[in-house]
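Protein chains get the first letters and strands the later ones, always in sequence-line order, with residue 1 at the start of each. Please read all numbers here as calculations on a predicted model, not as lab measurements.
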Amino acid sequence: MNYWLMKSEPDVFGIDDLQQSPNQTDSWDGVRNYQARNMLRDQMQVGDLAFFYHSNCKPPGIVGIMEIASRAYPDPTQFDPDSDYYDPKSDPANPRWYLVDVRFKRKFARMITLDELRSHPELADMVVLRRGNRLSITPVTKAEWDFIVALADSRD
DNA sequence: GCCAACGTTGGC
DNA sequence: GCCAACGTTGGC
């Protein structure tokens with residue numbers, strides 16, 4: 001099983017929105033980057049766990065955990081002219097963009113902010129912390145995962 | 001296939 | 001709102 005970190009802007013779709021979705025499950029649409037798509041499509045497995053990361057907000061950071069609830073399938077928003085994620089160049093016979101369903105697992109008692117992530121030498125190699133990183137989906141190692149979960153369950 | 005111009009992400 | 005660090009586009 002694999003571990004991931006997935007970014008979303010809370011103004012658009014935050015962890016509370018996922019928790020309030022039917023069956024606490026929703027489709028993670030709108031991924032429009034080939035590297036992120038490849039990971040989502042080729043490597044994500046049902047049962048994988050992912051950190052829910054709030055980006056483009058103050059402060060950014062990890063707010064909880066979700067579970068990958070489906071294999072990848074074509075993202076319908078790419079064919080919807082009314083969607084912000086519409087891609088007129090995507091051929092329905094050969095879809096360009098994919099998504100997975102995700103299920104809410106839990107919200108952390110406290111957010112683990114980006115600043116805090118950066119402050120721990122144990123997390124120095126995290127892909128999401130690398131300079132210039134812009135991927136909305138990044139892999140997380142088991143060691144990083146366990147460390148962050150322990151942080152979230154600690155008092156400070 | 002190169003690369004300049006442009007668009008996007010996302011922290012600050 | 002700014003801008004660094006990308007990724008994408010399209011002329012050549």
Side-chain angles (χ1 to χ4, degrees), chain A residues 2-21 26-44 48-68 72-102 104-141 143-145 147-152 154 156:
Chain A
N2 307 301
Y3 299 96
W4 307 95
L5 180 147
M6 299 166 75
K7 295 180 186 175
S8 183
E9 302 186 15
D11 287 351
V12 178
F13 186 80
I15 193 164
D16 294 337
D17 297 308
L18 179 60
Q19 186 171 12
Q20 288 157 25
S21 296
D26 218 321
S27 53
W28 196 266
D29 58 18
V31 173
R32 294 293 182 270
N33 170 282
Y34 288 104
Q35 255 183 286
R37 179 208 66 182
N38 291 347
M39 283 189 286
L40 181 150
R41 189 188 57 184
D42 304 334
Q43 295 180 41
M44 276 192 178
D48 283 0
L49 295 176
F51 288 132
F52 198 127
Y53 180 97
H54 281 179
S55 68
N56 225 335
C57 57
K58 287 179 184 177
I62 297 171
V63 290
I65 294 175
M66 55 192 165
E67 179 179 9
I68 306 305
Y73 59 95
D75 181 344
T77 64
Q78 70 195 302
F79 305 122
D80 176 5
D82 295 328
S83 169
D84 287 344
Y85 303 124
Y86 179 55
D87 182 354
K89 294 186 208 159
S90 183
D91 174 5
N94 185 21
R96 183 178 292 193
W97 306 115
Y98 283 73
L99 55 71
V100 292
D101 293 338
V102 294
F104 176 86
K105 291 283 280 188
R106 71 177 174 113
K107 186 172 172 178
F108 289 158
R110 65 186 191 91
M111 175 191 240
I112 309 298
T113 65
L114 178 60
D115 279 351
E116 183 171 359
L117 294 173
R118 289 196 196 283
S119 74
H120 293 287
E122 294 89 340
L123 304 176
D125 293 332
M126 275 191 88
V127 176
V128 73
L129 302 184
R130 285 182 196 159
R131 201 171 96 97
N133 170 75
R134 284 170 41 204
L135 283 178
S136 62
I137 298 175
T138 52
V140 174
T141 68
E144 291 161 350
W145 181 274
F147 187 86
I148 291 166
V149 170
L151 273 185
S154 72
D156 60 331

(message) Can you see if the side chain of A:K89 gets near the phosphate of C:dT9 - specifically, an N or O under 4.0 Å from OP1 or OP2?
(response) yes
Nucleotide [N], atom [atom2] - distance to [atom1] of [X] in whole Å:
X: A:K7; N: B:dG11; atom1: NZ; atom2: P; value: 6 Å
X: A:Y34; N: B:dT9; atom1: OH; atom2: P; value: 14 Å
X: A:R130; N: B:dG11; atom1: CZ; atom2: P; value: 17 Å
X: A:D84; N: B:dT9; atom1: CG; atom2: C1'; value: 15 Å
X: A:L5; N: B:dG10; atom1: CG; atom2: C1'; value: 13 Å
X: A:N33; N: C:dA5; atom1: CG; atom2: P; value: 18 Å
X: A:K58; N: C:dC2; atom1: NZ; atom2: C1'; value: 12 Å
X: A:H54; N: B:dG10; atom1: NE2; atom2: P; value: 13 Å

(request) Name the residue closer to the 5' end of DNA chain C, choosing between A:R131 and A:R96 according to the nucleotide with the nearest heavy atom. (result) A:R131
(message) Taking the nucleotide of DNA chain C with the nearest heavy atom to each, does A:N133 or A:N56 sit closer to the 5' end?
(response) A:N56
(message) Would you say the rings of A:Y34 and A:W97 are close, in the sense that their centroids are separated by under 6.0 Å?
(response) yes
(message) Can a side-chain donor-acceptor contact be found between A:E144 and A:T141 if the only test is distance below 3.5 angstrom?
(response) yes
(message) Can you identify which nucleotide, out of B:dG10, C:dA5, B:dG11, has its nearest atom closest to the A:Y53 side chain?
(response) B:dG11
(request) Give the nucleotide from the list B:dG10, C:dG7, B:dG11 with an atom nearest to the side chain of A:P60. (result) B:dG11
(message) Taking any heavy-atom pair under 4.0 Å as a contact, classify A:E9: base, sugar-phosphate, or nothing.
(response) nothing
(message) How close do A:S21 and A:D26 get, counting heavy atoms only, and between which atoms?
(response) OG-OD2, 3.0 Å
(message) Would you compute the distance between atom OH of A:Y53 and atom CE of A:M6 and round it to the nearest 0.5 angstrom?
(response) 14.5 Å
(message) Measuring only between side-chain heavy atoms, which start at C-beta, is A:T77 closer than 4.5 Å to A:R32?
(response) yes
